[in-house]
Amino acid sequence: MMETHCKEYDFQQIEPKWQTFWTENNTFRAEQDTSLPKYYALDMFPYPSGAGLHLGHCENYAITDIMARFKRAQGYNVLYPIGWDAFGLPTENYAVKTGRHPVDITKENILTYTRQLRQIGLSNDYSREVNTTDPEYFRWTQWIWLQLFQQGLAYVEDKPVWWCPALGTVLANEEIIDGKSEVGSHPVERRPLRQWVLRITAYADRLLDGLKNLDWPDSTKRMQAAWIGRSEGSEVEFDIDGFTDERLKIFTTRVDTIYGATYMVIAPEHNLAEQLTIASQKTDVERYTRLAASKSDLERTELAKDKTGVFTGSYAINPASGGKIPIWVADYVLASYGTGAIMAVPAHDERDYEFAQKYNLPCTQVIAPVDGSSAKLPYCEKVGEVVLINSEAYSGMTPKVATGKLDQQFSEAGRGKSTIQFKLRDWLFSRQRYWGEPFPIVWVSAENYNRSVAIHTLKVPADPVTAMFDGVLRYALPIPESSLPLRLPEVQSYNPTGTGESPLAKMPDWLEIWYEPSTGAAVAAIEAKPGDQWIRARRETNTMPQWAGSCWYYLRYVDPKNRESLASADMLEYWGTPDIYVGGAEHAVLHLLYARFWHKVLFDLGVVPTDEPFRKLFHQGIILGEDGEKMSKSRGNVANPDEIIKSYGADSLRLYLMFLGPLDAMKPWNPKGIEGVHRFLQKVWRECVDQEGKPNPKIDPDTQDSGEFLKLLHETIKKVGDDLSNLRYNTAVSQMMIFANGLQKTQTVSRNSVLAFLQILAPFAPHICEELWARLGQKTPLAKTIWPTYDAKRLEAKEAKLVFQVNGKFRGDQLLPIEISQDIAIEHAMENNKVAAQVAGKTIKRVIFIPGKILNLVVS
RNA sequence: GCCCGGGUGGUGGAAUGGUAGACACUGGGGACUUAAAAUCCCCUGUUCGUAAGGACGUGUGGGUUCGAGUCCCGCCCCGGGCACCA
């Protein structure tokens, strides 16, 4: 016997019982049989923090688990894996604080998470568990990184980056919110450091185009599109008065307004800034550029809406009009976008207008409404018909035509072209911390680099990656793939050095080495040189950011134990990519963009057969506190899943989370509400078993259910199936409640009807359904059974309520055969007192009759 | 400022252009009970009316339609994202 023997609905006994049963029987292990139709359901894997699971996790995983159980019942071979995104700052910070090893902390946290996830009844296949901090996993993270490196998609740059003194590390643009660190809201500052950068911009166009075919929430697609920020425009080179060998190149989306360009602006970091500054302006410009360089992000964007700038003293020649226009330095122009220089057209750009007003720069209108009406400056309208004015030969043309002609003119003159710019920047891909993947390269001399590459036929980028160390140029030499993984050394202290280097920099024996390029073998440099082949090398002290491991974990699940490759071609072909990917909208840009980038690189290398990782994406809504505010400890409005499970059981928790409202909507948690779904499960329990825990005598294998009851059953089967497929779980739960209310009113019911109901309820409330299934004498576990089918004939009704309306207003209804004619319907309607009263003394002008639904009499 | 999403009872929410408020929560009344809990039944948008019945009602003002929560236009409010990207 599989079932428990409790008489009441004792979920504390039932739930662990079935969790154990499923685990012991490997009920949810994905089959190896690739002839079966497959379904791959994936959650965004958790970061195993010390805090444990919260309700948001529960919602997220319940959605996917229910889908996985539903698809299994539909006959799919389902892959529903779980793993751990375990590198990262919180664990390292905790290690710093406690002096414990991050590996031990991680292990402990994973145990907690595993226990909690099992407790909510998830049907994960634990035989495929992955952990980003496992060397057998991150060897492939490093392997993928090596492919990027070899493709020339990874490079090193010594550039000002966001340095956070409190965290002791550099942060990416994306990790800065309002001029503060996303983690902990610490202040950040600019600091030049040697960084690894990934050339994601090389894929900008494809990352944008690829969005079109994805079944993602529109808002998320729009966010990514905005982040990539494709912009069509023109590059134009302006001559500089008094210079013969330098021109000032600008990017504009409105080359048609070039006759209105009355001044130029270059970014403070522009490489011509110094050259263009005349002696008398030198002090002012230098002071300004120095100030701009030291400004934090906050000061430069948030607080400095008030535009500032300094005149360089130089002039550019407008290539269209031939006019001499001043060149200014101002930090409202960003060095990192376009060419770091603009032509300013104050009449048709709000920013330029504001600046021109402040510094009394001229303003020439060159665009006007075609109807000759006057326009208020700055005139930036994108709607309505406009033409060029004050633009010599181009006056009278539309902007579109003028843009084409000007592009052509400048192109022929060798000073311009139409071009495309992206907002997307290359991806800062190194952290000065311990708890991340080490980079699989060593720094060597030019001579050793060239020799190693020649002798050992290492795959290296076309242009070597180099960096200066203590005034000496070093080359980045990849370590052989056969020597992966490159593990983290044991360190005494996890504290950041505070110098911009990771704790790894304090490990001289690991850092400075004798190195064998063909095997990757290394010994400390203080030892004797082991042999002729060995060269002097220095390891990379940066580690990879947390995004690295999460960029490809969905690929590892299809073949998690593979030692020859990140996953076999067969498994990648069969399982492909997730059929549904569920996770929070907060990852709309970063994780989802990075993963798409890596996936496309792997596709280009022939490693994966598809060019997009996540065809279908769904974001669960945030669960708010009882007070409608975001749950937080300080507010004291946090609902704890462990406590809820203790009081009501996992089935009630799952069911209630799904019943709260649309899955993607933000919803407040109502502690009273869960009692409703709990009562529903109690009701189901009592309908199935009597007070002794034996099958309820009303369930009779031989009874014939009424047509009405069967209609309800089949409607329910249909609606629950449809709603599951369309991720409308809340209305599926409602329908099952309606069914249970109907079931309660029956005197007797056939066992088959009850069993079918348990099957459709099972994805939502798997434990109680397995238990009742077994108690009703079923020997096969419910989780292994096939979804019931509904009979469309059962859904048809011969009679339906016909609604009577007069002038579109409800005046009554009547149960009538669907087939009746309009005339008969009117006769019935007129027998209704209310209808008759409304029609009395008036003439029927028009009749709208929809059989079985509505009869609307239009009277005057 | 720009781009999205959303405003429906006391609450969460439901409604292929066709009876607005399904299903729940809360509240009220009743049954069972010595009593309570649990369970079951009834009521629960506003308003006028003793009642029968009527009027009003999906943020707001218009429009389309026989008929609008749903479609179109304007406005208000809330939530999210982006924010000097030329």
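Here is how names work: the chains are called A, B, and so on, in the same order as the sequence lines, proteins then strands, and each is numbered from 1.
- In this structure, F709(A) and F739(A) have tilted ring planes: the angle between them lies in the 30° to 60° band.
- The partner of A55(B) is U46(B), by the rule that a Watson-Crick or G-U pair needs both atom distances under 3.5 Å.
- Few gaps surround CD on E799(A); more than 12 heavy atoms of other groups in view lie less than 6.0 Å from it.
- Spacing of P atoms, G74(B) relative to U19(B), comes out at 29 Å, to the nearest Å.
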Decide side chain to side chain contact (heavy atoms under 4.5 Å, CB included) for V345(A) and R254(A); before the verdict, give the C-alpha distance in whole Å, the side-chain angles of both, and the deciding distance to 0.1 Å.
CA-CA 9 Å; V345(A) 185; R254(A) 293 298 305 274; over 6 Å; no
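- Following rounding to the nearest Å, D723(A) (CG) and G13(B) (P) show an atom-to-atom distance of 17 Å.
- A 3.5 Å limit on both hydrogen-bonding distances identifies no Watson-Crick or G-U partner for U65(B).
- Two residues, A341(A) and N856(A), neighbour RNA chain B, and the one matched to the more 5' nucleotide by heavy-atom proximity is N856(A).
- For the C1' atom pair drawn from G62(B) and G30(B), the interatomic distance equals 49 Å after rounding to whole Å.
- Distance from the side chain of V803(A) is smallest for U19(B) among the nucleotides C84(B), C25(B), U19(B).
- M343(A) comes within 4.0 angstrom of nothing in the nucleic acid, heavy atoms only.
- Nucleic acid contact for I854(A): base, since at least one base atom lies under 4.0 Å from a heavy atom of the residue.
- The shortest side-chain heavy-atom distance between H678(A) and Y656(A) does not fall under the 4.5 Å cut-off.
- Nucleotides A20(B) and G59(B) place their P atoms 16 Å apart, quoted to the nearest Å.
- The base-pairing partner of A15(B), taking Watson-Crick or G-U wobble contacts with both distances under 3.5 Å, does not exist among the strands shown.
- When the P atom of G5(B) is taken as reference, atom CE of M223(A) falls 12 Å away, rounded to whole Å.
- Going from the P atom of A51(B) to that of C41(B) covers 27 Å, rounded to whole Å.
- Below the 3.5 angstrom threshold, one finds a donor paired with an acceptor across the side chain of Q805(A) and the base of G18(B).
- Judged by distance alone, the side chains of T716(A) and Q735(A) do bring a donor and an acceptor atom under 3.5 Å apart.
- Here C2(B) sits opposite G81(B) as a Watson-Crick or G-U wobble pair (both hydrogen-bonding atom distances under 3.5 Å).
- In summary, E354(A) and K358(A) do not engage in a salt bridge, as defined by a charged side-chain N under 4.0 Å from a carboxylate O.
- Contacts of F680(A) with the nucleic acid, taken as non-hydrogen atoms under 4.0 Å apart, are absent.
- The nucleotide U39(B) finds its pairing partner in A31(B), both defining distances of the Watson-Crick or G-U wobble pair being shorter than 3.5 Å.
- Closest contact between the side chain of I738(A) and the listed nucleotides C23(B), C40(B), G54(B) involves C23(B).
- In this structure, D218(A) reaches neither bases nor backbone, as no heavy-atom distance under 4.0 Å exists between it and the strands shown.
- For G9(B), the base is syn relative to its sugar; the glycosidic angle is within 90° of 0.
- In this structure, NE2 of H619(A) is placed 13 Å from C1' of G5(B), rounded to the nearest angstrom.
- A side chain to side chain contact (heavy atoms under 4.5 Å, CB included) with I266(A) is found for one member of L248(A), V333(A), T339(A) and no other, namely L248(A).
- Residue Q744(A) places its side chain closer to C40(B) than to any other of A86(B), G12(B), C40(B).
- Between C3(B) and A86(B), the distance separating the two P atoms is 15 Å to the nearest Å.
- Applying the 4.0 Å criterion to OP1 and OP2 of A38(B), one finds that Q682(A) has every side-chain N and O outside that range.
- Put simply, CG on N741(A) is 5 Å from P on A24(B), counting in whole angstrom units.
- Under 3.5 Å, the side chain of K801(A) and the base of U19(B) form at least one donor-acceptor pair of N or O atoms.
- Distance E675(A) CD to A37(B) C1': 13 Å, rounded to the nearest Å.
- Put simply, CE on M737(A) is 6 Å from P on A24(B), counting in whole angstrom units.
- Heavy-atom nearest nucleotides on RNA chain B were determined for E350(A) and for R679(A), and the one closer to the 5' end corresponds to E350(A).
- Nearest to the side-chain atoms of I848(A) among the listed nucleotides A55(B), G18(B), G12(B) stands G18(B).
- For the pair R222(A) and C4(B), the criterion of a side-chain N or O lying under 4.0 Å from OP1 or OP2 is not met.
- Heavy atoms of N670(A) sit under 4.0 angstrom from primed sugar atoms or phosphate atoms, though from no base atom.
- Here A20(B) presents its P atom at 10 Å from NZ of K809(A), a figure rounded to the nearest Å.
- Between A68(B) and C73(B), the distance separating the two C1' atoms is 15 Å to the nearest Å.
- A distance of about 23 Å separates the P atoms of C66(B) and U16(B), rounded to the whole Å.
- For the OP1/OP2 pair of A86(B) and a distance below 4.0 Å, the side-chain nitrogens and oxygens of Y332(A) include no atom meeting the criterion.
- Within the 4.0 angstrom heavy-atom criterion, base atoms lie near I850(A).
- For the pair K667(A) NZ and G13(B) C1', the interatomic distance rounds to 11 Å; values are reported in whole Å.
- Between the side chain of K307(A) and the base of C84(B), at least one donor-acceptor pair of N or O atoms lies under 3.5 Å.
- Distance from the side chain of R811(A) is smallest to A55(B) among A55(B), A14(B), C23(B).
- Between U8(B) and A22(B), the two P atoms lie 16 Å apart (nearest whole Å).
- Using a 4.0 Å heavy-atom criterion, one finds that K745(A) contacts the sugar-phosphate atoms exclusively.
- Aromatic ring orientation, Y359(A) versus W328(A): tilted (interplanar angle from 30° to 60°).
- Set against C66(B), A86(B), C41(B), the side chain of R846(A) has C66(B) as its closest nucleotide.
- A tilted orientation is assigned to the rings of Y332(A) and F355(A), their planes being inclined by 30° to 60°.
- Comparing A86(B), G79(B), A14(B) by their nearest atom to the side chain of L334(A) picks out A86(B).
- Within 4.0 Å (heavy atoms only), K853(A) reaches at least one base atom of the nucleic acid.
- Taking only side-chain nitrogens and oxygens, S734(A) never comes nearer than 4.0 Å to OP1 or OP2 of A24(B).
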